[in-house]
Amino acid sequence: MATSSEITDIIKAQIQGFQGRAVSADVGTVVDIGDGIARVYGLAGCMASELLDFGKGVFGLAFNLEEDTVSAIILGEYTGIKEGDEVRTTGRIVECPVGDALVGRVVDPLGRPLDGKGPIATSASRPVDVVAPGVITRKNVDTPLQTGIKAIDAMIPIGRGQRELIIGDRQTGKTAVAIDTIINQKGTGVICIYVAIGQKESSVAKIVAALEERGAMDHTIVVVAGASDPATMQYLAPFAGCAMGEYFRDAGKDALVVYDDLSKHAWAYRQVSLLTRRPPGREAYPGDVFYLHSRLLERAARLNEENGGGSLTALPIIETQANDISAYIPTNVISITDGQIFLETDLFNQGIRPAINVGISVSRVGGDAQIRAMKTVAGRLKLDMAQYRELAAFAQFGSDLDKVTQAQLRRGERLTEILKQPQYEPVAVEKQVVIIFAGTNGYLDDVPTPRVRDFQRDLFRWLDGQGRTVAEAIVKEKKLTPEIEKDLRATLDEFKKTTSYAAASA
């Protein structure tokens, strides 16, 4: 047992070695906690969206700054927090890790790995919610982002830096369009970020498996805030995914971000807002739900050369109820985006997949986002398809049709067949140009409709072999010069001679 003199010596030594310094920290107290929301008293210097430290490795986001209290949304597990606990400000806005180390990984909105492949070695981080690039720093969208889906690349083209909405009822193939687009970016240098908001974990696992199987995870980051995650994490997920994409955009690279889907994101934001006692508006959404999505989607942009020339393309997904695109959230997002791809249940059930209604769907960038060869063949395709839609509706009421009308209907049927495409099978742009050229120039008119798919399959194989030179010429020149068109017609004539399609129709 230490004597009193020894204790005195220890105290004297500690007093001599003491170095007084002031530590500034804004400290508050938890007043109320529940449903992932904490009300904290006493954080006078707290910033909006600041990261708050609740201790024990738990952090929160300052959501509402009120007169006496701060309402914070807890990021992660909140069951260990209780009334009276101490809370400290950190001086940092909510950030997520960014960088090349995230590519090929499955993470949560805070960048924590969910794939069991160990920690992610990245030192860089970015705030999840930043101001979008201004008008002067942007450049016109004129470089194609090929989806590999014929109906989209021909009639609803998407450019790098564009925001194209994918909208439709549940189970119409919205996610399939986005996943095919990600798969088609293999070898193009485009980094893809797939953000799953409020989805079943089993569905996300299937998507990750499909991407891995086709080698697409090598250029993809998957950000997951699943159905079982708190609404707070679902609210943050698209902003975190966007920040990860902005890292590549600002480094002069091209990136693509898919938000699947923003309907669930709006639901999560509504839940968080009601719990923090923000006044509800139409359909109980808070008044700033439009601003929520506009500030997210405006971050997709193509920057000019002075700012690196990178791009971030956004494919937001919206789920409608009974094809009602005039509902609150769908109309909001339609008004923010540069066009929409509308998928219909009736078309899906008829076997037209992807079930794109090309009459309602539109791209406001248009032909600027197409190579000239595609622009040339797509103009004729749009016209033929528009005439077919009109005549098909008219033909239901009468049986006596003249030969010209019958010929247009036959061609429309074959073009519809061309535009059908299985999932996970994106088509290279030169093959798309060739098959659309063949369809609009009468090479399929004598092929029975059930055999059009076989014709297309065999033609693509031919283009990989004997017809390779014309496909390579289209890739190189990116336009249908008179010489290339002549070679293309000769190639199609030769292909038809060596196959039995003409004989089959006789």
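At least one side-chain heavy atom of Ile317 sits under 4.5 Å from a side-chain heavy atom of Val258. In this structure the side chain of Ile191 reaches within 4.5 angstrom of the side chain of Val103, judged on heavy atoms. The closest side-chain heavy-atom distance from Val30 to Ile81 is below 4.5 Å. Annotation: side chain of Leu52 is not in contact with side chain of Leu61 (no heavy-atom distance under 4.5 Å). Taking 4.5 Å as the limit, every side-chain heavy atom of Leu110 sits out of range of all side-chain heavy atoms of Glu95. For the pair Met244 and Arg126, the minimum side-chain heavy-atom distance is 4.5 Å or more. Side-chain contact between Arg39 and Val70: absent, with no pair of heavy atoms (C-beta onward) separated by less than 4.5 Å. With contacts defined as side-chain heavy-atom distances shorter than 4.5 Å, the pair Phe248/Val98 does not qualify.
Inspection of the Glu344 and Thr172 side chains reveals no N or O donor paired with an N or O acceptor under 3.5 Å. With no hydrogens or angles considered, no side-chain donor-acceptor pair links Thr147 and Asn184 at under 3.5 Å. Of the N and O atoms on the side chains of Asn304 and Arg138, not one donor lies less than 3.5 Å from an acceptor on the other residue. No side-chain donor from either of Gln162 and Asp338 sits under 3.5 Å from a side-chain acceptor of the other. A side-chain donor-acceptor contact under 3.5 Å links Tyr269 and Arg278. In this structure, a donor-acceptor pair under 3.5 Å is absent between the side chains of Asp53 and Thr90.
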Check your understanding: Going through the distances and angles, do Phe54 and Phe59 end up as a ring-ring contact (aromatic ring centres under 6.0 Å, His included)?
Key -> CA-CA 6 Å; Phe54 284 80; Phe59 289 90; 8.6 Å; no
Point to revise | Phe239/His265 under ring-ring contact (aromatic ring centres under 6.0 Å, His included): CA gap, chis, key distance, verdict | key: CA-CA 10 Å; Phe239 291 101; His265 182 234; 5.7 Å; yes
Practice item. Go through the steps for Asp261 and Lys174 under the test salt bridge (Lys or Arg N to Asp or Glu O under 4.0 Å), then give the verdict. Key: CA-CA 10 Å; Asp261 61 75; Lys174 301 185 298 298; over 6 Å; no
Exercise for review: Begin from the C-alpha positions of Gln340 and Ser361 and carry the test side chain to side chain donor-acceptor pair (under 3.5 Å) through to its verdict.
Suggested key: CA-CA 5 Å; Gln340 67 277 347; Ser361 301; over 6 Å; no
Practice item. In sequence, state the C-alpha distance, the side-chain angles, and the governing distance for Arg353 and Gln421, and then conclude on side-chain contact (heavy atoms from CB on, under 4.5 Å). Key: CA-CA 6 Å; Arg353 300 173 190 177; Gln421 196 168 330; over 6 Å; no
Review point. Taking it one step at a time, do Arg92 and Glu50 satisfy salt bridge (Lys or Arg N to Asp or Glu O under 4.0 Å)?
Key: CA-CA 6 Å; Arg92 292 186 294 133; Glu50 186 173 356; over 6 Å; no
Check your understanding: Between Leu347 and Ile356, does a side-chain contact (heavy atoms from CB on, under 4.5 Å) hold up when you go through it step by step?
Key -> CA-CA 7 Å; Leu347 293 174; Ile356 298 169; over 6 Å; no
Exercise for review: Go through the steps for Phe342 and Val358 under the test side-chain contact (heavy atoms from CB on, under 4.5 Å), then give the verdict.
Suggested key: CA-CA 8 Å; Phe342 182 58; Val358 289; over 6 Å; no
Practice item. Check step by step if salt bridge (Lys or Arg N to Asp or Glu O under 4.0 Å) holds for Glu305 and Lys139. Key: CA-CA 8 Å; Glu305 302 307 326; Lys139 189 180 178 185; 2.8 Å; yes
Check your understanding: Can Ser273 and Tyr285 be said to form a side-chain contact (heavy atoms from CB on, under 4.5 Å), step by step?
Key -> CA-CA 8 Å; Ser273 297; Tyr285 289 105; over 6 Å; no
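Note: Leu102 CG to Tyr247 OH = 9.5 Å, rounded to the nearest 0.5 Å. The distance from the CD1 atom of Ile179 to the CG atom of Leu315 is 10.5 Å, given to the nearest 0.5 Å.
Residue pairs meeting the side chain to side chain donor-acceptor pair (under 3.5 Å) criterion with at least one partner in residues 192-210, sequence neighbours excluded, are Tyr194-Gln199, Tyr194-Asp260, Gln199-Asp260, Glu201-Ser228.
In this structure, the side chain of Gln370 engages the main chain of Asp153 through a donor-acceptor pair within 3.5 Å. Side chain of Asp26 to backbone of Thr89: no donor-acceptor contact under 3.5 angstrom is found. With hydrogens and angles disregarded, a donor-acceptor distance shorter than 3.5 Å links the side chain of Ser294 to the backbone of Tyr291. Proximity of a side-chain donor or acceptor of Thr137 to a complementary backbone N or O of Pro133 within less than 3.5 Å is not detected. Here the side chain of Asp180 pairs no donor or acceptor atom with the backbone of Pro426 at under 3.5 angstrom. Of the possible polar contacts, one joining the Ser263 side chain to the Glu319 backbone as a donor-acceptor pair under 3.5 Å is found. No donor-acceptor pair under 3.5 Å is formed between the side chain of Arg105 and the backbone N or O of Ala101. Within the 3.5 Å criterion, the main-chain N or O of Glu283 finds a donor-acceptor partner in the side chain of Arg270. The backbone N or O of Pro144 lies less than 3.5 Å from a partner atom in the side chain of Arg160, making a donor-acceptor pair. Remark: side-chain polar atoms of Arg302 are paired, donor with acceptor, to backbone N or O of Asn140 under 3.5 angstrom.
Across Thr143, Val141, Ile158, Val190, a single residue satisfies side chain to side chain contact (heavy atoms under 4.5 Å, CB included) together with Thr313, and that is Ile158. When each of Met155, Met374, Lys150 is paired with Leu381, the side chain to side chain contact (heavy atoms under 4.5 Å, CB included) condition holds for Met155 and for no other. The residue from Thr345, Asp169, Leu343, Ile329 that alone fulfils the side chain to side chain contact (heavy atoms under 4.5 Å, CB included) condition with Thr320 is Asp169.
In this structure, Asp35 places its CG atom where only 12 or fewer heavy-atom neighbours from other residues, nucleotides or ligands lie under 6.0 Å away. Within a 6.0 Å radius of CZ in Arg170, no more than 12 heavy atoms belonging to other residues, nucleotides or ligands are found. Heavy atoms from other residues, nucleotides or ligands lying under 6.0 Å from NZ of Lys82 number 12 at most. Within a 6.0 Å sphere centred on NZ of Lys186, heavy atoms belonging to other residues, nucleotides or ligands number 12 at most.
The shortest heavy-atom contact between Ile436 and Ala154 is CD1-CB, 3.6 Å. Closest heavy-atom contact between Val223 and Gly241: CG2-CA, 4.2 Å. When all heavy atoms are compared, the tightest approach of Val107 to Pro113 is CG1-CA, 4.2 Å. Closest approach of Ala62 and Met47 over heavy atoms only: CB-O, 3.5 Å. Residues Val365 and Ala369 come closest through the heavy atom pair CG1-CB, 3.8 Å. Nearest heavy atom pair, residue Asp324 against residue Ser326, reads OD1-OG, 2.6 Å.
Using a 4.0 Å cut-off between a side-chain N of Lys or Arg and a carboxylate O of Asp or Glu, Arg364 and Glu164 do not qualify as a salt bridge. Ionic pairing of Arg163 and Glu298 is present here: one or more N-O contacts between side-chain nitrogen and carboxylate oxygen are shorter than 4.0 angstrom.
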